[in-house]
Amino acid sequence: MTAALDALYMARAIELAKKGLYTTDPNPRVGCVLVRDNTIIAEGWHVKAGQGHAEVEALKKISDAIGATAYVTLEPCSHHGKTPPCCDALIVSGIKRVVVAMQDPNPLVAGRGLDKLKLAGCEVVCGVLEESAKALNRGFIARMVNNRPFVRSKLAMSLDGRTAMSNGESKWITSAQARGDVQTLRAESSAILTGINTVLADDPSLNARVDEPVSQPTRVVLDTHLAMPLTAKMLSVEGRSIILTASTDTDKVKRLEEVGFEVYQLPLKQSRLDLTHVMRFLAEQQINEVLVEAGAVLNGALLAEGLVDEWVVYMAPCVLGDQGRGLFSLPDLHTMADKKTFVWRDIRHVGPDLKLTLSAALN
């Protein structure tokens with residue numbers, strides 16, 4: 001098999017993996033293509049945690065895989081979890097060649113699946129379209145390697161960089177198309193993170209409204225002093241609603257838990273919740289990707305501490321004036337040497353608005 005054909009079939013496996021974009025959490029998104037005599041004989045992808053992995057789903061569709069090549073976007077698992085090891089299934093099926101896009105990012109198991117396949121006599125190739133496979137599972141990789149989720153913040157602003165009028169009015173700066181695009185960001189995310197001020201001002205549901213099956217993201221609210229109302233709208237939608245707080249008010253905690261919230265106490269740092277600890281806690285909750293939907297204070301704190309991996313800014317062709325509210329609260333920036341810089345990743349139209357994707361520049 002040539003390198004070009006390997007890339008062709010792996011590209012198809014990656015497209016299959018994307019079918020689980022909204023549903024596989026906390027597992028990675030994985031696709032598999034089985035090929036024999038330069039013909040695809042079966043395909044599969046991981047749909048949901050607890051269900052069959054991509055390799056098993058592909059093998060279920062054929063009675064004979066002897067001599068075939070398996071193209072898998074992530075190293076086949078070699079351990080027993082909710083399902084048996086995929087390595088064993090490939091070996092027993094008679095697969096003779098396995099092409100993998102990337103190793104398992106878990107440092108405790110990385111490479112073991114590939115070694116097991118080699119010991120069984122399979123030819124193994126690793127690294128085909130590796131960057132594309134990594135991009136599909138940025139959150140899973142971040143959680144496995146760095147013990148933190150991949151963090152993306154969504155912002156909407158006017159042409160002059162304002163997020164709301166001075167009185168807080170912000171509906172709507174951007175177009176219906178941009179707001180629809182945000183729903184896909186929510187659907188891709190394991191959790192949506194916001195601050196209590198946003199909840200008190202807007203009472204958002206923070207759910208993903210898309211026309212496809214979706215595992216609803218967990219709602220996470222930073223609420224240092226437990227100001228959360230017991231009637232918050234987010235409780236009326238599917239999925240977990242978590243409050244992170246420093247409060248020890250056991251009576252209020254009990255009332256919040258009785259209406260459906262999960263409440264966890266975390267340490268403070270300079271009179272607010274320690275954001276690094278917040279990210280570590282979310283990783284412990286098996287949250288791969290976090291979407292931040294918050295105001296200037298929380299976004300400014302996250303920016304100052306370098307905790308956001310990607311910024312998605314929707315810019316509308318309108319002006320709100322110099323009394324409008326800004327994107328970030330950064331009171332410690334005083335000189336040009338203090339400025340925060342970014343790297344452009346993508347710019348595109350969404351309806352009449354621009355969608356700007358950036359990452360923080362490495363200083």
Side-chain angles (χ1 to χ4, degrees), residues 1-21 23-137 140-141 144 213:
M1 194 73 73
T2 67
L5 284 173
D6 281 347
L8 176 69
Y9 292 126
M10 187 61 75
R12 174 57 184 165
I14 289 172
E15 287 303 307
L16 292 169
K18 290 178 181 178
K19 291 178 178 287
L21 196 62
T23 59
T24 63
D25 271 345
N27 290 355
R29 299 136 180 168
V30 184
C32 177
V33 174
L34 304 182
V35 177
R36 186 168 52 205
D37 299 328
N38 202 25
T39 300
I40 294 176
I41 58 175
E43 298 179 335
W45 65 91
H46 183 47
V47 177
K48 193 171 185 178
Q51 297 184 13
H53 289 186
E55 302 93 318
V56 173
E57 291 300 306
L59 289 169
K60 281 165 52 177
K61 296 175 181 176
I62 54 172
S63 58
D64 174 16
I66 294 174
T69 295
Y71 292 87
V72 192
T73 58
L74 179 68
E75 175 183 357
C77 62
S78 58
H79 61 284
H80 283 270
K82 292 183 178 180
T83 59
C86 292
C87 280
D88 293 356
L90 291 171
I91 292 166
V92 169
S93 74
I95 293 285
K96 288 303 178 185
R97 184 168 183 261
V98 180
V99 181
V100 176
M102 60 174 286
Q103 281 193 355
D104 189 322
N106 187 339
L108 299 177
V109 299
R112 291 185 181 180
L114 302 182
D115 290 342
K116 194 171 186 179
L117 290 165
K118 291 174 185 176
L119 285 173
C122 291
E123 178 189 350
V124 175
V125 177
C126 188
V128 176
L129 300 189
E130 183 174 12
E131 292 308 310
S132 296
K134 286 181 175 180
L136 190 60
N137 286 303
F140 183 75
I141 295 168
M144 290 293 107

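For reference, positions follow the sequence shown, starting with 1. What you see is a predicted model, and the numbers here were worked out from it, not measured in a lab.
- Counting only residues at least two apart or on different chains, no salt bridge (Lys or Arg N to Asp or Glu O under 4.0 Å) pair has a member in residues 44-55.
- Looking only at side-chain heavy atoms (C-beta outward), R12 and E43 come within less than 4.5 Å of each other.
- Judged as a side-chain hydrogen bond (donor to acceptor under 3.5 Å, both in side chains), and not counting sequence neighbours, the contacts of K60 are E57.
- Under the side-chain hydrogen bond (donor to acceptor under 3.5 Å, both in side chains) criterion, D25 pairs with S190, N288, not counting sequence neighbours.
- The side-chain hydrogen bond (donor to acceptor under 3.5 Å, both in side chains) search around K134 returns E130, not counting sequence neighbours.
- Nearest heavy-atom pair across N27 and H46 is ND2-NE2, 3.0 Å.
- Going from atom CG of N106 over to atom CD of E75 covers 10.0 Å, rounded to the nearest 0.5 Å.
- With sequence neighbours left out, A89 forms a side-chain contact (heavy atoms from CB on, under 4.5 Å) with V56, L59.
- A side-chain contact (heavy atoms from CB on, under 4.5 Å) with Y9 holds for exactly one of N38, V128, V99; it is N38.
- Checked against side-chain contact (heavy atoms from CB on, under 4.5 Å), K19 has the following partners two or more places apart in sequence or in another chain: L16, W45.
- Looking at residues two or more places apart in sequence or on another chain, you find no salt bridge (Lys or Arg N to Asp or Glu O under 4.0 Å) involving K61.
- The side chain to side chain donor-acceptor pair (under 3.5 Å) analysis of residues 28-37, with sequence neighbours excluded, yields the pairs R29-E289.
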